[in-house]
Each structure stands twice: as C-alpha cells, then as structure tokens.
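We use all heavy atoms of the structure for the numbers below, so side chains are in, but hydrogens, waters and symmetry mates are not.
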Amino acid sequence: MTNSGTNLLTRVRSPRDLRGLTRDQLTALAGEIRHYLVQSVARTGGHLGPNLGVVELTIALHRVFESPRDTIVFDTGHQSYVHKLLTGRQDLSTLRTKGGVAGYPCRAESEHDVVENSHASASLSWADGIARARQLRGESDRYTVAVIGDGALTGGMAWEALNNIAASDNRKLVIVVNDNERSYAPTIGGLAHHLSTLRTTRGYERFLEWGKQALRRGGAPGRLAFDTLHGMKKGLKDIIAPQGMFEDLGLKYVGPVDGHDVEAVEHALQRAKAFGGPVIVHTITRKGNGYLPAMNDDADQFHAVGVIDPDTGCPVSAGGPQWTSIFAEEMVKLARERSDVVGITAAMLIPVGLHRFAEEYPERVFDVGIAEQHAVTSAAGMAFAGLHPVVAVYATFLNRALDQVLMDVALHKAGVTFVLDRAGVTGPDGPSHHGMWDLALLQVVPGIRIAAPRDAVTLAEELREAVAVDDGPTVVRFAKDTVPQPIPALERIGDVDVLRRTPGADVLVLSVGTLARTALEVSDRLADQGVPSTVVDPRWVVPVADELVELAKRHRLVVTIEDGLRAGGVGAQLAQRLRDASVATPVHQVGIPTEFIEHASRAQVLSRIGLTGQDIARAVVERISSLDENTLLPH
C-alpha cells in the first residue's frame with residue numbers, strides 16, 4: 001500500500017468538500033485515508049481492520065447525505081475513524097488517549113456524531129426513533145441513515161427495530177448493511193442492482209398495487225393468478241439476491257453492492273434516498289481492505305490492534321501475559337477434566353479466550369452471535385439438560401442480559417458460570433466499555449456467587465470452584481490488564497486469604513481481585529504513618545463470608561478497595577452485613593464513582609478517581625484519625 005502523495009485528505013475539512021471531487025480523486029482519497037489509518041493506528045492502537053473496510057462506503061455516505069442535517073448513526077461505532085477524518089478530525093495521533101480523540105463517536109467532539117454507546121445492534125432503534133420524531137415534527141426533508149454490520153444483525157434488538165421500521169412506508173430511513181463476511185460476486189451484484197432499481201421505483205410500486213387490486217377484484221381466479229405471479233416473482237428474486245427475508249418484513253432491498261466501489265455505493269444510496277421510505281442497502285466489504293497484513297490475518301483481519309509495526313503488522317511489544325490468555329489455557333485444562341463443561345460466546349470467540357477450547361473441542365463451544373440475552377437463557381437450558389455452561393463475555397455486555405441472569409438462571413437455580421472479561425476500568429475504549437457495573441448489578445441476584453481472582457493461581461482455583469457449583473449462577477471476573485506476579489497468602493481462613501497481618505492492626509483492608517497489590521501498597525503507606533493493618537482477599541466477594549464479619553469486629557476501621565461502582569458495590573454489601581450482625585466497625589468504601597468515565601489509560605483513570613495506593617492511604621489516615629478512641633476494640 002502506498003500513499004498517492006496528492007494530499008487530498010488535508011483539503012477535506014467537512015463532508016461538503018467531497019462533492020466536488022472526480023472519480024479519480026475519490027480513488028486517490030481512499031488510498032490516502034488507508035495509508036493514514038495504518039500509520040496512525042499503528043502508533044496508538046485501535047480498531048484498524050473495520051475502518052480499512054469502510055473507506056469507500058463512508059465517502060459515499062457523506063457525498064449522498066448531508067450530515068449533520070441528515071443523521072448518520074454508526075452501530076457499535078468502532079468503524080467511525082473514516083467518518084472522523086471526513087468531518088474535520090484529521091489528527092488521530094491522540095486516538096484513545098487521555099484528552100484525545102475518542103475511539104468511538106463522541107458528541108463532545110463533533111455535531112456529526114450521534115450515538116456514543118458502543119454496544120452493538122442498537123443503531124436501528126436509534127434510527128427508528130430519530131426518523132419517527134422527524135416525521136412527527138414535519139421535517140420531511142431530513143434523512144436518517146443507520147450503518148450496521150452483518151454481525152450486529154445477529155442481535156435480537158436489531159430485529160425488533162426492523163419489525164417496527166417496516167411498519168411505516170413513508171419515513172426517510174436508510175439502513176446500510178456493511179457485510180464483511182462474504183465476497184462480492186460481480187454477476188450477482190449486477191443483476192441484483194438491476195432489480196433493486198426496478199423495485200425502488202415508485203411507478204413500479206403503483207403498478208403492482210393496481211395489478212393486485214385488479215386481479216383480486218376478479219374473484220377466486222384473479223386472486224389465484226395474483227398469488228401465483230407474486231410467488232413466482234418472489235421466488236426469482238430469492239434465487240438471484242438475498243433480499244427475501246427483508247422484503248418479507250415489508251422493507252425494500254438494494255444490493256448486494258461492492259462496498260469498495262464509491263460510484264456503485266453512491267448509486268445504491270441515491271436510489272434508496274429517492275424511494276422515500278425505509279430501504280436496506282446491502283454492501284459487501286472486506287475488513288482490512290488494502291493492507292496486506294490485515295487481509296492475511298485469518299483470525300479477525302486486525303479487528304483491533306495494539307501498537308504495531310506499520311510495515312509488517314507485527315506487535316511492537318508483546319508485554320506480559322494477559323488475563324484472557326490465562327483463562328483460555330485454564331478452560332482447555334478444565335474441558336479435558338470435565339466432559340460436561342461447554343463454552344458460550346456472543347460473537348467474541350477470540351477476544352474472550354474461548355478459541356483454544358474451540359480448537360480442541362469444537363462441538364462444545366457455541367457462538368450465538370451478538371445475542372447476550374439468548375446466550376444466557378440458552379445456558380440455563382443446557383444446565384437443565386445436564387451440562388455446565390461457561391458463558392464468557394465482556395463485563396459491560398452482560399448488562400444487556402441481567403433479566404435473563406435473574407429470571408432464567410438464578411430463579412431456576414441453574415448451574416451456569418459467567419466469566420467476565422474486561423471487568424472494572426478498561427481504559428482507552430471509553431465510557432461504554434468500562435466493566436464497572438457488574439458487581440453492583442449482580443449482587444441483587446439471589447443465590448449468586450462472585451469471585452475476583454488476584455493472580456493466575458487464584459484464577460485457576462476460582463474457575464474450578466465456580467464450575468463445581470450446580471445449584472445457581474457463579475461469576476469469575478478479571479480486568480483488561482497484564483496478570484500480576486503471584487501474591488501468595490499467609491493463610492486461608494475459610495475462603496478468605498490473609499495477605500498481610502500486623503500485630504495490633506487497627507485497619508482491615510479488603511481488596512477485590514486485581515487490586516490486591518494496591519491494597520498491599522496502602523498497607524505499606526499506613527505503616528509509614530504508624531497505622532498497622534491487616535490485608536485480606538475474600539476471593540469470593542459475594543456472598544460476604546462469615547470470616548470477614550469476625551475479622552471486622554477486631555478492627556477499628558474496614559477499608560474496601562474495588563474496581564466496580566462504589567454505590568451498591570462490595571463495600572456497600574459488607575457494610576450492610578456488618579449492620580445486620582450488629583458490628584459497629586465503620587466501612588470506608590473505595591471504588592468507582594457513579595459517572596461515565598472518559599477514555600484514558602487504565603492507570604490514568606485509576607489515578608483520576610482516587611484508586612491509587614497514595615490516595616487511598618491518605619484518605620484512610622484522615623478517616624482513622626477522626627475516629628473516637630473509644631472505638632478501639634480488643635484484638
């Protein structure tokens with residue numbers, strides 16, 4: 001891939017600047033954009049493959065529609081880098097860094113950005129709502145466009161939206177399906193293009209309506225003739241183009257179209273725009289298009305990368321082992337030990353670490369698509385039938401299936417284990433990707449057990465303990481981070497690991513999962529201030545262990561450190577348990593504030609919200625000094 005050297009990109013400051021470019025200039029611009037994306041994302045990391053795949057598609061969208069007057073909604077939003085470049089944000093050197101350009105659409109950055117939530121399958125509902133509002137307000141000259149990947153169409157929410165969108169034939173709504181899982185066939189595409197032109201002509205629709213009424217007025221023979229002719233027409237269309245399922249809903253279909261041909265995409269979008277009602281435009285694209293290392297990557301075409309060498313695509317630094325890779329290894333070991341253990345993923349086989357399990361036992365791993373609700377309820381069914389499912393998802397995505405965890409798994413006492421990757425603060429991916437809600441939300445589920453391993457050793461232990469439970473849901477959560485060196489326990493009291501014990505300790509420091517090392521640092525800093533402490537890792541943070549209640553009785557202050565919401569989190573539940581047991585020891589809760597946290601590195605976010613050893617120790621010293629001396633209890 002080479003840079004054309006024409007510097008067209010620097011001349012595009014807004015979408016309006018695209019409309020005067022010739023076909024050759026558009027081709028050159030696409031090349032420049034790809035070159036810039038590779039060079040820039042190689043330095044920062046990010047979603048490279050999806051953006052390389054939508055260059056021409058995004059150019060065409062901004063040439064046909066007039067953003068921001070026309071609204072373009074990107075599903076998930078990880079393919080919005082090209083959109084950012086074409087809407088005045090041409091410096092991606094700060095991408096996904098503190099104070100820099102967000103990795104997803106961001107309203108604070110531009111009036112061209114609409115939906116910030118990076119959870120998939122939501123764009124059609126957004127578009128439906130926007131188009132309904134504009135219709136009601138009489139804004140008949142404004143269009144709404146939803147760009148959704150074929151993967152996101154596996155989500156049930158998308159089909160709920162399609163069902164509603166199809167009910168209105170006069171809203172100016174265009175759905176662009178970015179299909180990057182199929183190759184483009186010119187012959188089929190050309191024929192489909194011809195038919196789509198016919199189908200999106202209002203005169204043709206009026207003729208069909210007249211024919212239907214005329215034939216049906218002819219009684220039974222006429223109705224039979226119409227049904228026969230309509231069936232033949234539909235059968236022919238289904239053979240040459242895959243629009244049947246959409247047209248059965250009442251939606252017009254255009255495509256498939258070569259998504260890397262700006263002119264072809266523009267033509268399809270113009271036909272859809274002229275129709276004046278809901279239309280689906282089906283484009284065929286290729287992830288990583290134009291960049292050989294991505295195109296040759298069989299796993300995911302460089303869907304998301306860290307810092308890489310732009311020439312080779314190789315990682316610049318491998319770093320230490322990640323939590324996901326440790327889990328992947330442990331799942332294979334567990335699968336070898338227990339034939340009843342199966343894995344379930346929601347379209348994220350590799351990111352959540354189930355790929356190694358799938359390689360060895362392909363018949364025991366199920367990818368249900370972007371359908372977390374179905375994944376959870378299906379798991380309940382598998383548990384009923386004698387299996388033990390391990391549902392592996394990002395922590396933030398389990399939010400979508402809370403009802404199913406509650407009513408399908410917990411209510412039925414189903415033995416299902418949830419492994420939550422990217423729990424807590426994730427960093428560069430921003431507000432909707434932080435896995436900060438799981439501890440607070442899941443604690444309301446009756447009978448649930450939640451484990452938070454502190455290192456690779458405890459991950460292996462707690463995963464096995466989790467799948468040994470067959471009468472209710474279990475959860476194992478870990479962060480998006482490098483796995484720390486093992487932190488051995490001095491002793492285990494029940495399920496509680498004691499990591500440090502100091503004679504005459506006034507403070508009991510309770511760490512949740514990966515924050516064990518932070519808790520030990522807090523203990524060191526407290527010791528420097530003359531405040532002795534005990535540090536424990538409860539291992540299973542829900543339910544609260546009886547041993548923690550007993551330990552709390554022997555300290556003046558309990559400090560809980562967790563990378564989940566402070567409101568309703570582990571500390572809040574421990575405080576409630578102590579009150580119920582008539583234990584007067586106060587609890588100082590340290591966690592994530594109830595706010596949406598912007599993108600930055602994990603370390604930067606933890607520092608900003610006060611989840612560092614220095615910040616916590618300072619607050620604890622102030623808190624302990626304010627306690628009345630009478631609260632000192634015998635040890």
Test side chain to side chain donor-acceptor pair (under 3.5 Å) on Thr76 and Ser118 and set out the steps. CA-CA 4 Å; Thr76 309; Ser118 53; over 6 Å; no
Check: Glu116 side chain, Pro105 main-chain N or O, donor-acceptor pair, under 3.5 Å: no
With no hydrogens and no angle check, just 3.5 Å: does a side-chain donor-acceptor pair link Asn178 and Thr285? yes
What are the two closest heavy atoms between Thr87 and Pro15, and how far apart are they? CG2-CG, 3.9 Å
Measuring only between side-chain heavy atoms, which start at C-beta, is Thr44 closer than 4.5 Å to Arg96? no
Between atom CZ of Arg400 and atom CD1 of Ile370, what is the distance when rounded to the nearest 0.5 Å? 8.0 Å
Decide, yes or no, whether a salt bridge links Asp17 with Arg11 under the criterion of side-chain N to carboxylate O below 4.0 Å. no
Tell me, do Thr144 and Val174 make a side-chain contact under 4.5 Å, heavy atoms counted? no
Atom CZ of Arg137 with >12 non-hydrogen neighbours under 6.0 angstrom: no
The complete set of salt bridge (charged side-chain N to carboxylate O under 4.0 Å, His left out) pairs with one or both residues in residues 280-297, sequence neighbours excluded, reads none
Inter-residue atom distance Glu160.CD - Ser125.OG, 0.5 Å rounding: 7.0 Å
Please tell me if the side chains of Val307 and Arg43 come closer than 4.5 Å, counting only heavy atoms from C-beta onward. no
Going from CD on Glu359 to CG on Leu349, what distance comes out if it is rounded to the nearest 0.5 angstrom? 8.5 Å
Quick one: does any side-chain atom of Asp128 pair with a main-chain N or O of Leu124 as donor and acceptor, under 3.5 Å? no
Would you check, one step at a time, whether the test salt bridge (Lys or Arg N to Asp or Glu O under 4.0 Å) holds for Arg602 with Asp429? CA-CA 10 Å; Arg602 175 176 162 86; Asp429 286 326; over 6 Å; no
Measure from the side-chain N and O atoms of Thr283 to the backbone N and O of Val177, and report whether any donor-acceptor pair falls under 3.5 Å. yes
Looking only at side chains, do Arg134 and Thr71 share a donor and an acceptor under 3.5 Å apart? yes
Going by the angle between their ring planes, with limits at 30° and 60°, are Phe596 and Trp437 parallel, tilted or perpendicular? tilted
Just so I know, are the side chains of Leu29 and Leu21 near enough to count as touching, which here means a heavy-atom distance under 4.5 Å? yes
Would Phe74 and Asp113 count as a side-chain contact (heavy atoms from CB on, under 4.5 Å) if you check the C-alpha gap in whole Å, the side-chain angles of each, and the deciding distance to 0.1 Å? CA-CA 9 Å; Phe74 290 94; Asp113 290 5; over 6 Å; no
When Ile175 is tested against each of Ile280, Leu153, Val281, Val147 for side-chain contact (heavy atoms from CB on, under 4.5 Å), which residue passes? Ile280
My understanding is that only residues two or more places apart in sequence, or in another chain, count here; which of them pass ring-ring contact (aromatic ring centres under 6.0 Å, His included) with His78? His47, His303
What is the minimum heavy-atom distance between Val64 and Lys273, and which atoms define it? O-NZ, 2.9 Å
Fit a plane to each ring of Phe397 and Tyr394, take the angle between them on a 0 to 90° scale, and name the class: parallel (under 30°), tilted (30 to 60°) or perpendicular (over 60°). parallel
Please check if the side chain of Asn289 supplies one atom and the backbone of Leu52 the other of a donor-acceptor pair under 3.5 Å. no
In Å, rounded to the nearest 0.5 Å, how long is the span from CD of Glu56 to OG1 of Thr27? 8.0 Å
Side-chain ion pair, Lys84 and Asp91, N-O less than 4.0 Å: no
Looking only at atom types and distance, does a side-chain atom of Asp75 sit under 3.5 Å from a main-chain N or O of Ser123, one as donor and one as acceptor? yes
Are the side chain of Ser601 and the backbone of Gln604 linked by a donor-acceptor contact shorter than 3.5 Å? yes
Would you please test Val279 and Tyr253 for side-chain contact (heavy atoms from CB on, under 4.5 Å) and show each step? CA-CA 6 Å; Val279 179; Tyr253 172 96; over 6 Å; no
By side-chain hydrogen bond (donor to acceptor under 3.5 Å, both in side chains), which residues pair with Gln90, not counting sequence neighbours? Arg13
Taking the side chain from Ser110 and the backbone from Cys106, do they hold a donor-acceptor pair closer than 3.5 Å? no
Are any of the side-chain heavy atoms of Tyr104 and Asn117 separated by less than 4.5 Å? no
Are His62 and Ile72 side-chain neighbours, meaning at least one heavy-atom pair lies under 4.5 Å? yes
Drop me the distance from Leu86's CG to Ile33's CD1, to the nearest 0.5 angstrom. 4.5 Å
Heavy-atom closest contact (His112 atom, Ser67 atom, distance): ND1-OG, 2.7 Å
Taking Ser378 for its side chain and Ala375 for its backbone only, find out whether a donor-acceptor pair lies under 3.5 Å. no
Taking all heavy atoms of Lys98 and all of Ala600, pick out the closest pair and write down the distance. CB-CB, 3.7 Å
Any salt bridge between Asp421 and Lys480, counting N to O under 4.0 Å? no
Is the shortest heavy-atom distance from the side chain of Arg63 to the side chain of Arg16 under 4.5 Å? no
Apply the side-chain hydrogen bond (donor to acceptor under 3.5 Å, both in side chains) test between Thr396 and each candidate in Arg422, His433, His119; give the one that qualifies. His119
Enter the distance from Leu292:CG to Asp311:CG here, rounded to the nearest 0.5 Å. 12.0 Å
Heavy atoms of Ile148 and Ala158 approach each other most closely as CD1-CB, 4.1 Å
Counting distance only, does the side-chain N/O of His434 pair as donor-acceptor with the main-chain N or O of Ile597 below 3.5 Å? yes
Would you say the side-chain atoms of Tyr291 pair up with the backbone N or O of Pro310, donor to acceptor, closer than 3.5 Å? yes
Of all the heavy-atom pairs spanning Ala60 and Val265, show the shortest one and how long it is. CB-CG1, 3.6 Å
Given side-chain contact (heavy atoms from CB on, under 4.5 Å), test His282 with Asp179 step by step and report yes or no. CA-CA 7 Å; His282 182 187; Asp179 184 349; 2.9 Å; yes
Going through the checks in order, is the side-chain contact (heavy atoms from CB on, under 4.5 Å) test met by Val425 and Met436? CA-CA 6 Å; Val425 171; Met436 52 192 264; over 6 Å; no
Under a 3.5 Å threshold, yes or no: a donor from one side chain and an acceptor from the other, between Gln135 and Asn170? yes
For residues Thr58 and His83, is any side-chain donor paired with an opposing acceptor at under 3.5 Å? no
Sub-4.5 Å side-chain heavy-atom contact between Leu48 and Ile308: yes
Less than 4.0 Å between a side-chain N and a carboxylate O, is that true for Arg69 and Asp141? yes
